[in-house]
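Order of listing sets the numbers, starting from 1, for every ligand and every atom in it. Values in this document were obtained by computation on a predicted structure and should not be read as measured data. Numbering of residues begins at 1 and proceeds along the displayed sequence.
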Amino acid sequence: MKYKIPFNKPFIAGSELSYIKQAVDFGKISGDGAFSEKCHHFFETHYKIEKAFLTTSCTDALEMAAILLNIQPGDEVIAPSFTFVSTVNAFVLRGAKIVFADSKVEEPNIDETKIEALISSKTKAIIVVHYAGVACNMEKITAIAQQHNLFVVEDAAQAIESTYTFSDGTKKYLGSIGALASFSFHETKNVISGEGGMLAVNDTSFIKRAEIIREKGTNRTAFFRGEIDKYGWEDIGSSFLPSEITAAFLFAQLEQIKIIQQKRKALWHHYFQLLLPLANAGKISLPFIPNYAENNAHIFYIICNSSQARRNLISYLKEKGIYTAFHYQSLHKSAFYLKTNSLKTLPNCERYSDCLLRLPMYYELLPEEVIYVSEEITKFLK
Ligand SMILES: *Cc1c(COP(=O)(O)O)cnc(C)c1O
């Protein structure tokens, strides 16, 4: 076997351990110390997020979002079905009913033209997921939300460093547009801390309460700032903040973000160029990036012509030492959702569940490995 190419390898910047040692030497290892502050500052200045709150995961950030929006039993939220369970579980935990929207024909993101028909008097929020770091149509979605008085939550778990350009030319980073947004630093993402996440608060009216919910429902953060002389129980909440060890690891990564992104984007474009002839021959489809979106090369995927074609390709590539992965199973067809909801068809979402295949994509992937993977795919499908 010429190569052995895993699906993912976590990126290591090199300074993680010395930053963790610094955090330990400072004698402040619990949350919201100097490294958390550096990470918050990075996100607020680079991405124009009003207030950044590191969390222990993106899942936690989404749970905070659901609490902040005061989601009550019986409320409805609209979300894509082609996503990770955490996007919607956070809202189900508060008693919400999830109303799933289909993906678009040309890309896995939520089809904004299908949203309005799903809005009812009980709808509270639209949750969007920027799949593969490619922006949803935020201008249209924001307009629909405003018109119907709904909140927009961005699940930006995969979308660090990606942007959306509005029709007036204004460019914004993903995660800075919705009232609230979540990010993930799980080891499968572009920038990592093992497990880790962040809640971005862009609607400033949520900042004060977010601080309390994140600190177990207490006003301890205001106490540490010296604004009050004792802290107490103010609200519901949980322990959503990560330790300084996690923040130190993350900050080491954030310092390298330009280098990480340059490398990943080069690999992404290399795949795209090499696989274009196959796409032109109708053997596969390639990712579609709308004009308003700037892609962060989080995932490189191809879409096979059938689930059988995908299955055959996965086993062929495995024999060649290449590890690939399909992605989400449609949530609207999951056993859990069908316990309380009736079966409906979301054809585009189901096609991505059946036919989308993710190729190896990580910082250390070599250009010759991209060539090898692309050649093997071409050999098999031609
Ligand atoms: C990774 C991911 C999550 C979950 O992130 P964690 O940090 O592991 O909780 C949620 N939503 C999407 C779209 C993701 O890709």
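Taking a cut-off of under 4.0 Å to the non-hydrogen atoms of Cys58, the atoms of ligand 1 that pass are 4 (C), 5 (O), 6 (P), 7 (O), 9 (O), 10 (C). Atoms of ligand 1 found under 4.0 Å from any heavy atom of Gly196 (numbered from 1 in listed order, with element): 7 (O). If you number the atoms of ligand 1 from 1 as listed, the ones under 4.0 Å from a heavy atom of Ser57 come out as 7 (O), 9 (O). For ligand 1, the atoms closer than 4.0 angstrom to any heavy atom of Val129 are 13 (C).
In terms of protein heavy atoms, atom 9 (O) of ligand 1 is closest to Thr59 OG1, 2.5 Å. When hydrogens are left out, the protein atom nearest atom 3 (C) of ligand 1 is Phe84 CD2, 3.7 Å; that is the closest non-hydrogen contact. Among protein heavy atoms, atom 13 (C) of ligand 1 sits closest to Asp155 OD2, 3.5 Å. Of the protein's heavy atoms, Ser184 OG, 2.7 Å lies nearest to atom 7 (O) of ligand 1. Of all protein heavy atoms, the one closest to atom 12 (C) of ligand 1 is Ala157 CB, 3.4 Å. The shortest contact between atom 15 (O) of ligand 1 and any protein heavy atom is with Gln158 NE2, 2.8 Å.
Remark: Lys208 fails to qualify as a cation-pi partner of Phe206 under the 6.0 Å distance and 45° angle criteria applied to the six-membered ring. Both tests pass for Lys263 against the ring of Tyr363: distance under 6.0 Å to the centre and angle within 45° of the axis.
Looking at ligand 1, you won't find any N or O of Glu195 less than 3.5 Å from one of its N or O atoms.
Residue contact check for ligand 1: Tyr328 places a non-hydrogen atom closer than 4.0 Å to it. Within the structure, ligand 1 has Lys189 among the residues with a heavy atom less than 4.0 angstrom away.
Residues Asp75 and Lys97 are not paired through a salt bridge, judged by the lack of any N-O separation under 4.0 Å between the basic side chain and the carboxylate. Electrostatic pairing of Glu76 and Lys124 does not count as a salt bridge here, judged by no charged N lying under 4.0 Å from a carboxylate O. Salt-bridge check for Arg225 with Glu211: passed, with a basic side-chain N closer than 4.0 Å to an acidic carboxylate O. Under 4.0 Å is where a charged nitrogen must lie from a carboxylate oxygen, and between Arg94 and Glu63 no such pair does.
Checking Asn8 against Thr188 by side-chain atom types alone, no donor-acceptor pair falls below 3.5 Å. Side-chain contact annotation: His186 with Ser184, donor-acceptor N/O pair under 3.5 Å absent. Asn296 and Gln261 share no donor-acceptor pair across their side chains, judged by distance under 3.5 Å alone.
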